[in-house]
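So the structure is just underneath, and the comments pick up after that.
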Amino acid sequence: MNVSSWGQELSIARWASLMILILLLQMPQIVSKNVDKRLDQQTLAPNGSRIPENIVIGEFVSFLIHTFREIPYTTTPDPEVTVNLVPNYYHQVLAFSFAMNEINKNVNLLPNTTLSSIFSQNAYNEMGSCSGTMELLFPTKGKTLNYICSETYKLMAIIGGLTFHNSKQMPHILNIYKMPQLTYASFDPELSDKTQFPSVYRMMPNERPQYSGIVQLLQHFGWTWIGLIASDDDSGELLLRTLIPWLHHRSICIAFKEIIPTPKEPWDAALLGNKNLARIRSTLVSVETNVILVHGDSRSMEGLRLVLFLQEFKQPKPIERVWIITAQWDFTTVLHTLAFTPRSFNGTLSFALHTKGVADYEEFLETVNPNQSTLYYIYHFWSVTFMCAFPTYNLNAPGIENCTGEEKLRNLSEIVFQKGMSGQSYSIYNAVYAVAHALHAMFSSRSKQKALGDGATWKLSNIYPWQLHSFLKNVHFNNSAGEEIFFDKNGELAAGYDVINTVMFLNKSIHKVRVGRMDPQAPERKKFTINGSAVVWNQRFNQQQQQQQQMRQISSLQIIFYEILPKSTCAESCQPGHSRIMRQEEQICCYDCPQCSEGMISNLVDAEHCNKCPEDEHPNKNQDHCIPKLIIYLSYGEPLGIILVSFALFVSLITLVIMWIFIQHHNTPIVKANNWNITYTLLNSLLLSFLCSFLFIGQPEKVTCLLRQTVFGIIFSLAVSCVLAKTITVVVAFMATKPGNRMRKWIGKRLTLSVIILCTLIQTGICVVWLATSPPFPEFDMHSQTGQIIVQCNEGSALMFYSVLGYMGLLAIISFTAAFFARKLPDTFNEAKLITFSMLVFCSVWVAFVPTYLSTKGKYMVAVEIFSILASSFGLLCCIFLPKFYIIILRPELNTREQLVRKKNLVA
């Protein structure tokens, strides 16, 4: 948006400004020369006489504002300058007078002493600060400054609340006279420098707790993407220099930063065409952040108020945000009610000087009456506040009625006049009491000295303001609200800040609720407190909540709703199961949220990185927390275990049946012809092979891990050795039938027994070496499967394990080769063909076993080995013994010696 369009859109603003000007000009006006004369008379002689000999406390008030012209040092003030009174700022006088009345009525505090007051007005400018300070010090007109003539009262302290711009003018002057100054509105941190300003006592806390409270407030609600508007002065620069590093340290980013110009002539045509305000307005309208932090005083923030006013009443499309306002600006106090923007500022969270209700103060406000009171500027205040006239005091305007004096402050709107004590009023109240307690301590000290006989007493002639400092530094009392009041080592009030939620209504009424506290004196965990559920948000967010509310049907009669707090983030929060990755060339608050990689989890919102689960746990489906891994092993109760166990028992039973049949028919020719001893040994080894598969089922233990591979290797080597012995026996038997062959001497049990024992002993030796050097042991494999802990046997030495398998394979290959070449040897019961086929099955099973075994994990690896054991053993059983079993049981006519001889002759 360019400046010309900005000017075009502000036509209604120009009209509104004109209306405000007319209304303000119609208010009672004060010509500075005449006002000064009347105020001097009212201050020094409200009843027409001089102030009696008394102790006086001066107050520097700031409720009159030059509406259209700033008075710099280089300009002589125009005697006809128009000023306006802000009713809410008149609490400076009311709270001061209320405290003075209480003290003078208190018989225990300053007995036999009456405190009096004197006022001066600074009119929000540097020259006014200097001249007003000199008037407090030397109130007699026409006399030479710095020269005391016929003074009948003693000024002991000055209470003054000034703006950041002119806060240093007053203490520079008062330091010369060592006059104690208690300031209640200046947040200038340089005033805490006791070397430069030894006479200043601040009735407000240090600003740093406020900065800390802002950061913690943002963190509490999860706001990490905020706008920042600061005043174009030293105060704004201090905020930027101090707060921004804190925000960055807590990963809170600045979406935009604007320095708002301080208007020298607020609400006039020159301000309406201000390019900076046009830019700020465009930024506020277009930016997406929902939270904006504002820092500045009432004077510097008039530009922002104008922008909000124009946007709310021109569009009408108010800039509705969550405004966070520092304690420097009382945004609810406006120069005129036309500048009130209820929609824009509704739901604002603001930091304010801590206050606590003083019960009698509201009753005191009920008694304020211009007909009976001599309060400073009471007639002007009453005239402006109630829009009525006092012709006697030249306070009138055309078309307004005279004041009756019966008007009640309680009937005013909060936007015009606040009923209770504000933070500023509370600070003034405590400041007056602090001076009174310091005076009481000083007079008590002098009375004690007199009692000791040193003749000390007090009179106006022998007391001086500088004597009050030592007592002010150590002042410590409880005020009427029950709070402890004292200064810290820097001369600052040991207090904190309140967090106020302000609800505004279209009828120009407001409602303030304290929803939080920043107390630097509290324990670390309780320094900042906030009741988020008590906050009333801007109507814009209430509408969004209604649109985003989710319903859950619990029953046909019950529905549950829940609200969503305002959000202000550059990116949506990364939910558990995701982690943050910063976007290139953007602030740290702007990031993407990729899913955690496999095996990683994040259980926090906006996790910086994903983490691994403990070894015995694994990520759940959403990867937002770890769950225990399942302990996996081949058990008897699962289907695969049941199948393998059933098959092992079945083939074991078959083996026993075959063994029993062979035992029953061991004298038959077919059994005798196949060497009964080898047959019996082979059947037993096959039976043990079937049974050793049970060592592989169930949870692996130390004993089972030691036995399973070694027992299986030895038993299988025994079985293959028996087959090899059978093959060798067949070959030797046929070779021995040839005349003159020397192989005849090898025929018999000695050869077969030697082959079996030798081959088995070699395998046994390999197993003994294995167990002695690197025995198998049970282990938990936590990494092979994502969600499982595999309980398995670690073979200890893979070389020894494959040596056992390799040796069995070697025996099988030798048996297969020998049987293959002997398969055509003529004999009725030549087993070479059967052994050849059985070894072919055996070798096929174990050749397939190796790649399958290596490609599986966990219990399926064990199942593959069990299956290989059962399959290869069952192959030997079927190929070698089923043909004989068939003849013995089903073809017994073939199991005769005659049949063997006949076939032998046929072959010959």
(message) Strictly below 4.0 Å, N to O, side chains only: are Asp592 and Arg583 in salt-bridge contact?
(response) yes
(message) Nearest 0.5 angstrom please: Glu414 CD to Thr333 OG1, how far?
(response) 10.0 Å
(request) Take Arg540 and Asn346 through the side chain to side chain donor-acceptor pair (under 3.5 Å) test and state the conclusion after the steps. (result) CA-CA 10 Å; Arg540 170 196 175 196; Asn346 185 36; over 6 Å; no
(message) Show the nearest heavy-atom pair for residues Ala352 and Ile500, with the distance to one decimal.
(response) CB-CG1, 4.1 Å
(request) Please step through side chain to side chain contact (heavy atoms under 4.5 Å, CB included) for the pair Thr502 and Phe331, ending with a clear verdict. (result) CA-CA 10 Å; Thr502 303; Phe331 72 98; 3.6 Å; yes
(message) Does anything in residues 229-258 form a ring-ring contact (aromatic ring centres under 6.0 Å, His included)? List the pairs, not counting sequence neighbours.
(response) none
(request) Taking the side chain as every heavy atom from C-beta outward, state whether Ile581 and Tyr591 have any pair of such atoms under 4.5 Å apart. (result) no
(message) What verdict does the side chain to side chain donor-acceptor pair (under 3.5 Å) test give for His625 and Asn620, after you've listed the backbone C-alpha separation in whole Å, the side-chain angles of each residue and the deciding distance to 0.1 Å?
(response) CA-CA 6 Å; His625 66 274; Asn620 64 340; 3.3 Å; yes
(request) Indicate whether the side chain of Asp498 and that of His354 have a donor and an acceptor atom separated by less than 3.5 Å. (result) yes
(message) For Glu586 versus Cys590, what's the shortest heavy-atom pair and its separation?
(response) OE1-CB, 3.2 Å
(request) Please confirm whether the backbone N or O of Gly423 pairs with a side-chain atom of Ser427, one donor and one acceptor, at under 3.5 Å? (result) yes
(message) I want to check something: taking the side chain as every heavy atom from C-beta on, are Val416 and Asn88 in contact at a cut-off of under 4.5 Å?
(response) no
(message) Rounded at 0.5 Å granularity, tell me how far NZ in Lys257 sits from CD1 in Ile244.
(response) 4.5 Å
(message) Determine whether Val215 and Gln219 satisfy the following criterion, side chain to side chain contact (heavy atoms under 4.5 Å, CB included), listing intermediate values before the conclusion.
(response) CA-CA 6 Å; Val215 174; Gln219 286 186 310; 4.2 Å; yes
(message) I need the Ser251 OG to Leu218 CG distance, nearest 0.5 Å.
(response) 12.5 Å
(message) Salt bridge or not between Lys527 and Asp519? Use side-chain N to carboxylate O under 4.0 Å.
(response) no
(request) Look up atom OG1 in Thr183 and atom CD1 in Ile159, then write down how far apart they are to the nearest 0.5 Å. (result) 10.5 Å
(request) Output yes when a side-chain donor or acceptor of Asn430 lies under 3.5 Å from a complementary backbone atom of Tyr426, and no otherwise. (result) yes
(message) Under a plain distance cut-off of 3.5 Å, with no hydrogens placed, do Gln424 and Asp330 share a side-chain donor-acceptor pair?
(response) no
(message) Using a 6.0 Å cut-off, check whether atom CZ of Arg525 has over 12 heavy atoms from anything other than its own residue.
(response) no
(request) Flag the pair Phe351 / Ile324 as yes when at least one side-chain heavy-atom distance between them is below 4.5 Å, and no otherwise. (result) yes
(request) Flag the pair Lys567 and Glu572 as a salt bridge only when some basic side-chain nitrogen lies within less than 4.0 angstrom of an acidic carboxylate oxygen. (result) yes
(message) Measuring only between side-chain heavy atoms, which start at C-beta, is Trp223 closer than 4.5 Å to Thr569?
(response) no
(message) Please report whether the SG atoms of Cys570 and Cys253 are separated by less than 2.5 angstrom.
(response) no
(message) With a 3.5 Å distance limit and no angle check, can you tell me whether Asp488 reaches the backbone of Leu493 through a side-chain donor-acceptor pair?
(response) no
(request) Report the distance from atom OG of Ser300 to atom CD1 of Ile229, rounding to the nearest 0.5 Å. (result) 11.0 Å
(message) Pairing donors with acceptors under 3.5 angstrom, does anything connect the side chains of Tyr89 and Ser298?
(response) yes
(request) Kindly determine whether Ile292 and Ile226 satisfy side chain to side chain contact (heavy atoms under 4.5 Å, CB included), including the steps that lead there. (result) CA-CA 6 Å; Ile292 300 176; Ile226 68 168; over 6 Å; no
(message) So Phe60 and Gln181, do their side chains get closer than 4.5 Å, heavy atoms only?
(response) no
(request) Locate the shortest heavy-atom distance separating Leu239 from His295; write the atom from each residue and the value. (result) CD2-CB, 3.4 Å
(request) May I ask you to check whether Phe63 and His91 place their ring centers less than 6.0 Å from one another? (result) no
(message) Minimum heavy-atom separation for Pro209 and Tyr497, please, with both atom names.
(response) CB-CE1, 4.4 Å
(message) On a heavy-atom basis, which atom in Cys593 and which in Ser573 lie closest, and how many Å separate them?
(response) SG-C, 4.3 Å
(request) Check whether any side-chain heavy atom of Lys526 lies under 4.5 Å from a side-chain heavy atom of Glu524, and answer yes or no. (result) no
(request) For the pair Thr348 (side chain) and Ser350 (backbone), establish whether a donor and an acceptor sit closer than 3.5 Å, ignoring hydrogens and angles. (result) no
(message) Any non-hydrogen side-chain atom of Met204 less than 4.5 Å from a side-chain atom of Glu492?
(response) no
(request) To the nearest 0.5 Å, tell me how far Asn603 CG sits from Cys596 SG. (result) 9.5 Å
(message) Would the distance check show the side chain of Gln311 and the main-chain N or O of Lys317 forming a donor-acceptor pair, the cut-off being under 3.5 Å?
(response) yes
(request) For ring-ring contact (aromatic ring centres under 6.0 Å, His included), just list the numbers for His220 and Phe528, CA-CA rounded to whole Å, side-chain angles, deciding distance to a tenth of an Å, and then say yes or no. (result) CA-CA 10 Å; His220 176 81; Phe528 178 79; 7.1 Å; no
(message) Keeping Ser602 on the side-chain end and His578 on the backbone end, is there a donor-acceptor pair under 3.5 Å?
(response) yes
(request) Side-chain contact test, heavy atoms from C-beta onward, threshold under 4.5 Å: evaluate it for Glu207 versus Gln328 and give yes or no. (result) yes
(message) Does Leu506 form a side chain to side chain contact (heavy atoms under 4.5 Å, CB included) with Phe340? I'd like the steps, not just the answer.
(response) CA-CA 9 Å; Leu506 296 179; Phe340 181 63; over 6 Å; no
(message) Is it the case that atom NZ in Lys612 sees more than 12 heavy atoms from other parts of the structure closer than 6.0 Å?
(response) no
(message) Looking at every heavy atom in both Arg517 and Val499, which two are closest together, and how far apart are they?
(response) N-CG2, 4.1 Å
(message) Keeping Glu312 on the side-chain end and Ser344 on the backbone end, is there a donor-acceptor pair under 3.5 Å?
(response) yes
(message) Has Thr283 got a side-chain atom pairing as donor or acceptor with Arg279's backbone, closer than 3.5 angstrom?
(response) yes
(request) Please confirm whether the backbone N or O of Ser509 pairs with a side-chain atom of Asn507, one donor and one acceptor, at under 3.5 Å? (result) yes
(request) Using only heavy-atom distances, determine whether the side chains of Arg514 and Asn501 contain a donor-acceptor pair under 3.5 Å. (result) no
(message) Given 3.5 Å as the limit, does a donor-acceptor pair link the side chain of Gln623 with the main chain of Met600, or not?
(response) yes
